[in-house]
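Since the structure comes first, as structure tokens, the remarks are kept for the end.
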Amino acid sequence: MRHRIAVIGGGPAGLTFARVLHRHGHPVTILERDPAPDARPPGGTLDLHEGMGQLALEKAGLVAEFQELSRPEGQAMRILDADGTVLRDWQPRPDERANPEIDRGQLRDLLLGPLDVQWGRDVTEVVPGTRDGVLVRFADGRQETFDLVIGADGAWSRVRPAISSATPHYTGITSVETSLDDVDTRHPGLARLIGDGSMAVYGVNRALVAQRNSGGHVKVGAQFRAPLDWHAGLDLADVEAVRSSLLALFDGWAAPVLDLLRHGTAFAHRPLYVLPVSHTWTHVPGVTLLGDAAHLMPPLGAGANLAMLEGAELAESIAAAPGPGDLDEAVRAFEEQMWARAGRWAKITAAGLERLVSPDPAQALAVFDEVQPS
Ligand SMILES: Cc1cc2nc3c(=O)[nH]c(=O)nc-3n(C[C@H](O)[C@H](O)[C@H](O)COP(=O)(O)OP(=O)(O)OC[C@H]3O[C@@H](n4cnc5c(N)ncnc54)[C@H](O)[C@@H]3O)c2cc1C
């Protein structure tokens, strides 16, 4: 008899899991809260690492398509100081494929392929151990049961409380994101400053990061240390008020760098939350977590890669389980492997964030020198 398997969430973790399981001929129910794939902007660009996100795509049989879509030139990285002086300008070799970039929307569509996602399914609660299996409750009052429920529903997971009491906490560093369109024609000076990939500017307790997406679109993140309520009295929906407030926060920085904020079209406030480093739980039969739901960490290039690799590995473990009684053992073994690797990355990214948005901007440069290939 086939297992009834549900994955909650159609992000990188859930879709990679479903796609690899589908490749092995196993049915899986994909339950996603968004009403449609394009219901909200898909977000920026992701660099997929060899041996992580790229390995997951190999397991999904999607390497050739990824090579068509991805941007190896997006690996270029430029570091400036707050005066606008270029401190590092790293260009990838023409054959460099260690961390090519891909737009999130393109990755989502690539993973979706033949998958049949149930859109508009907002999960509110998961109850393990009922007579008929694991119960999933939805916001519209419906409920369904499965043999295995996988929580790939991100930072504020509704599956996580079924197996862990951990909740994300604020890092003390927040981010305000904006974006620019048609940068090459509308803002050629900024386009040259940013280059083909990413540009990061580090000052005292502040950072401005600009990342090129495809089609001349640029995402900008203004990161700074601040209490969660730093915007008290500021209407976050008022674009000009947020712009003025950010320009005041980055006062004294070089004018070309501040143009990133002057030309931003809209602003979104995204405080950086994390789960405890080395988050684990006592194994609960029938429920597990993947990706940010299991190990939310600072956005330093690991989260989506881990999410995808975990999705692929869990799918392969389940597909390889010899009999129905072996499903739980496959999940248990996967969890041990996930916890060990994610724990290492959680430590690396937590330390990295502290140094990137730091009282001593030289620390940020040191981080770059440590991770960048020579
Ligand atoms: C600014 C920024 C830049 C980043 N850059 C990178 C990078 O370059 N490389 C990298 O590896 N990582 C990066 N990350 C981290 C990466 O975005 C995440 O780690 C990754 O998206 C996690 O994938 P996920 O599938 O676990 O969760 P998510 O991407 O959060 O997906 C969760 C899905 O679950 C759905 N969902 C949520 N709640 C419910 C519910 N109740 N019922 C049903 N569905 C639900 C959501 O709608 C969503 O589709 C970045 C993060 C940020 C914020």
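Numbering starts at 1 and runs along the sequence shown. One-based numbering, in listed order, for ligands and for the atoms of each.
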For [X] and ligand 1, answer yes if some heavy atom of the residue is under 4.0 Å from a ligand atom, otherwise no.
{"X": "Arg270", "value": "no"}
{"X": "Ala152", "value": "yes"}
{"X": "Met297", "value": "no"}
{"X": "Arg40", "value": "yes"}
{"X": "Pro12", "value": "yes"}

Any [X] side-chain heavy atom under 4.5 Å of [Y] side chain:
{"X": "Gln75", "Y": "Asp47", "answer": "no"}
{"X": "Met199", "Y": "Leu260", "answer": "yes"}
{"X": "Arg19", "Y": "Pro114", "answer": "yes"}
{"X": "Ile8", "Y": "Phe146", "answer": "no"}
{"X": "Val242", "Y": "His269", "answer": "no"}
{"X": "Arg186", "Y": "His263", "answer": "no"}
{"X": "Phe368", "Y": "Trp90", "answer": "yes"}

Which of the atoms of ligand 1 are close to [X], meaning less than 4.0 Å from one of its heavy atoms?
{"X": "Arg121", "answer": "42 (N), 43 (C)"}
{"X": "Glu177", "answer": "1 (C)"}
{"X": "Arg104", "answer": "4 (C), 14 (N), 16 (C), 17 (O), 21 (O), 50 (C), 51 (C)"}
{"X": "Gly11", "answer": "25 (O), 31 (O), 33 (C), 49 (O)"}

At what distance, to the nearest 0.5 angstrom, does CE of Met52 lie from CZ of Arg341?
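Answer rounded to 0.5 Å: 6.5 Å.
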Kindly confirm or rule out an N or O of [X] lying under 3.5 angstrom from an N or O of ligand 1.
{"X": "Gly301", "value": "yes"}
{"X": "Ala293", "value": "no"}
{"X": "Arg33", "value": "yes"}
{"X": "Ala307", "value": "no"}
{"X": "Gly14", "value": "no"}

Could you find the nearest protein heavy atom to [atom] and give me its residue, atom name and distance?
{"atom": "atom 34 (O) of ligand 1", "result": "Gly9 CA, 3.2 Å"}
{"atom": "atom 19 (O) of ligand 1", "result": "Asp292 OD1, 2.7 Å"}
{"atom": "atom 8 (O) of ligand 1", "result": "Asp47 OD1, 2.8 Å"}
{"atom": "atom 13 (C) of ligand 1", "result": "Leu46 CD2, 3.6 Å"}

At under 4.0 Å between heavy atoms, is it the side chain or the backbone of [X] that contacts ligand 1, or both, or neither?
{"X": "Ala302", "result": "backbone"}
{"X": "Arg158", "result": "side chain"}
{"X": "Ile8", "result": "side chain"}
{"X": "Glu101", "result": "neither"}

Could you tell me which non-hydrogen atom of Ser278 sits nearest to which non-hydrogen atom of Lys347, and how far apart they are?
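Minimum heavy-atom separation between Ser278 and Lys347: OG-NZ, 4.1 Å.
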Determine whether a donor-acceptor pair (N or O, by modelled atom type, separation under 3.5 Å) exists between the side chain of Glu32 and the backbone of Gly10.
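At least one qualifying donor-acceptor pair exists.
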Sidechain-backbone polar pair: Asp38 side chain, Ala36 backbone, donor-acceptor under 3.5 Å
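Such a contact is absent between Asp38 side chain and Ala36 backbone.
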Among Glu310, Glu313, Glu316, which residue meets the salt bridge (charged side-chain N to carboxylate O under 4.0 Å, His left out) test with Lys59?
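When Glu310, Glu313, Glu316 are each tested with Lys59, the salt bridge (charged side-chain N to carboxylate O under 4.0 Å, His left out) holds only for Glu316.
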Determine the sole option in Thr174, Leu228, Asp292, Thr167 for which the side-chain contact (heavy atoms from CB on, under 4.5 Å) test with Tyr273 is passed.
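With Tyr273 as partner, side-chain contact (heavy atoms from CB on, under 4.5 Å) holds for just one option, Leu228.
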Nearest to atom 27 (O) of ligand 1 by heavy atom, Gly291, Gly154, Ala268, Gly10: which?
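Among Gly291, Gly154, Ala268, Gly10, the closest heavy atom to atom 27 (O) of ligand 1 comes from Gly154.
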